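No hydrogens, no waters, no symmetry mates; every other heavy atom, side chains included, goes into these values. The shown structure was predicted, so the numbers you read here are calculated from the model rather than taken from an experiment. Residue numbering restarts at 1 for every chain, and letters A, B, ... go by the order of the sequence lines.
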Amino acid sequence: MDTLPDAFDIIVLGTGLPESIVAGAAAKAGKRVLHLDKEEHYGSQWASLPLEEFKAWSTGNTSSPICSGPVKLLQASSADLGASQQYSIDLSPKVLFCSDELIDAVLQARAHNSLEFKLLQGSYVWSSGQLVSIPASRKDVFKTQLGLADKRALWRFLKHASDALQGQGPLKEAFDDTPLVELLKTQGLSKQLRPSMQALVSAAEGKAAFARYLASVARYGQGSGAFLALMYGCGELAQAFCRVAAVHGALTALRHPVAALLVAESTGRCTGVRLATGQAIACEGVGESKAERDRDRPSSLRGVCRAVCILDGSLHREHSSLSIVIPPGSVPGPDGNPHAIRLLQSGAAMSVAPPDRYVLYASTPWTGRDAEDALRPALSAFSN
Amino acid sequence: MASRKRTLLKVIILGDSGVGKTSLMNQYVNKKFSSQYKATIGADFLTKEVHVDDKLVTMQIWDTAGQERFQSLGVAFYRGADCCVLVYDVNSQKTFDNLDNWRDEFLIQANPNDPDNFPFVVLGNKVDVDGGRSRVVTEKKVKQWCTPKNNLPHFETSAKEDTNVDTAFQCIARNALKNETEEELYIPDTVDMNAQTSTKRSSGCC
């Protein structure tokens, strides 16, 4: 095998999404970039893995920031899960708003050449024991099961809201000053409607999230939904940026662990890295995400409870890729979680699972409870 | 949309560093050759419109972008390939021996539906070097390698002197197309990411 040169402008450690964007940008700007990862595969904590690799990861790598607690592997039945290679399981599952800045970054870097996106087929909220579609456009409003008065109110609200975001219409001031929950009430949205609108945004993000949502639904055609999902899983995103870096001259090397950062005693500045092989490589700067740096350290950060399930049927009759928001208190079980539970399902149509198998991601903010306790009630609601 | 997708053929070129993958592409598409070696920079892929029988197809030829140097081609690179070109240097035994590894790597990563019949095309490059006197890989040896693998097509080429390059790529296009039509017609409903960008971009600063 070749040996690595001894000097670069920038060394980027890890091939997760942030690191890969940095490597791509630096290489495009003409820097000599070395892009290293200790793993066999691209993506670091953003990787998408075949089933067997995912299992190995989940049992072997329990102290990384995205996986700080113990990982449990549960098997409900001895059912045949299908070929491991046909799975692509996200370590950081994500759908993108069509108007997400990341989409702009993808296009600007021309990273989309090696990516394939599909629109998420549906967004739902779990309400009174059933899936209620979240309307993606004003036109969608009329296809819903709502009563005429509700349809009118919702249609009017969406119109005023999108006007207000452009600084026009009757809501332009109210939109800035009033919390969304209040606004929905004053605009005459019934109790039945409010949850689905609120489900779109978290209270903390409020207006900005709503603006992003409205901008997203229009971007790729009328009634097309607000979210994009990646064929073959999220891991493709990081890989696409890694390729951008490589195409612009960055040298990429997987399976190259770094043993130490070299720091100049006099200045305290990082002047290079030493590889596990002993080779020292000089550079002007090292790029590394915090998550990457903390990967092997026990972390006190406990952010999210997460479950990855493999299903033998879709949660929805027609759709295979969908998101579901389960508002707090809407499924039976031990309460005390003030947060919504979010589900994201994907399947063979997205090339992330074998035919007739689906991957379901469930997550909710951590509130002191074991992930299984926190998520099982929501998953049980769908198990029949 | 569907028909446009169908005639777009993705071809990837594999082989050790320095065997002339980029040169072959460049000679074929741009009719250019540079004897200066630089690890591949600048292009994601090159495209060329080709007539195969009476059909016009667009061949998208993907380069390794140098990621093969440390065996770091990600799985994303292999996805959706319609034909895989395996290149070695006729003057280097090692590059020929490594064809097995490249082929295995492709079959594992790309995971094609029908691995036994997936179209590979084998190119022995640099036949011009030293007027052929430094050649170490004989045609006979290559035949022995290709024949048991469903008679893989094999060409000896020189990117530098444009020997056999067109012929080889014509064969690559034909095989890629055959693979494409024999595969179940899968019509992807993927989003054309560029569709909305022209209007979006116009307000941007760049």
Taking everything shown except [X] itself, do over 12 heavy atoms lie less than 6.0 Å from its [atom1]?
X      : atom1 : result
B:K31  : NZ    : yes
A:K31  : NZ    : no
A:D356 : CG    : no
A:R110 : CZ    : no

Measure distances from [X] to the heavy atoms of chain B and classify the residue's part below 4.5 Å as side chain, backbone, both or neither.
X      : result
A:H41  : neither
A:F117 : both
A:L115 : neither

Please tell me if the side chains of A:L36 and B:F70 come closer than 4.5 Å, counting only heavy atoms from C-beta onward. no
Just grab all the salt bridge (Lys or Arg N to Asp or Glu O under 4.0 Å) pairs involving residues 96-108 of chain B, residues at least two apart or on different chains. none
Tell me, out of B:A76, B:G80, B:S72, who's got the most heavy-atom pairs with chain A below 4.5 Å. B:S72
Looking at every heavy atom in both A:Q86 and B:N111, which two are closest together, and how far apart are they? CG-ND2, 4.4 Å
Identify the two heavy atoms, one from B:F45 and one from A:N113, that lie closest to each other, and give their separation to 0.1 Å. CE2-CG, 3.7 Å
Just to verify, which of A:L251, A:L254, A:T252 counts as forming a side chain to side chain contact (heavy atoms under 4.5 Å, CB included) with B:Q67? A:T252
Keeping to residues at least two apart or across chains, list the side chain to side chain donor-acceptor pair (under 3.5 Å) pairs with something in residues 226-247 of chain A. A:E236-B:R79, A:R243-B:D44
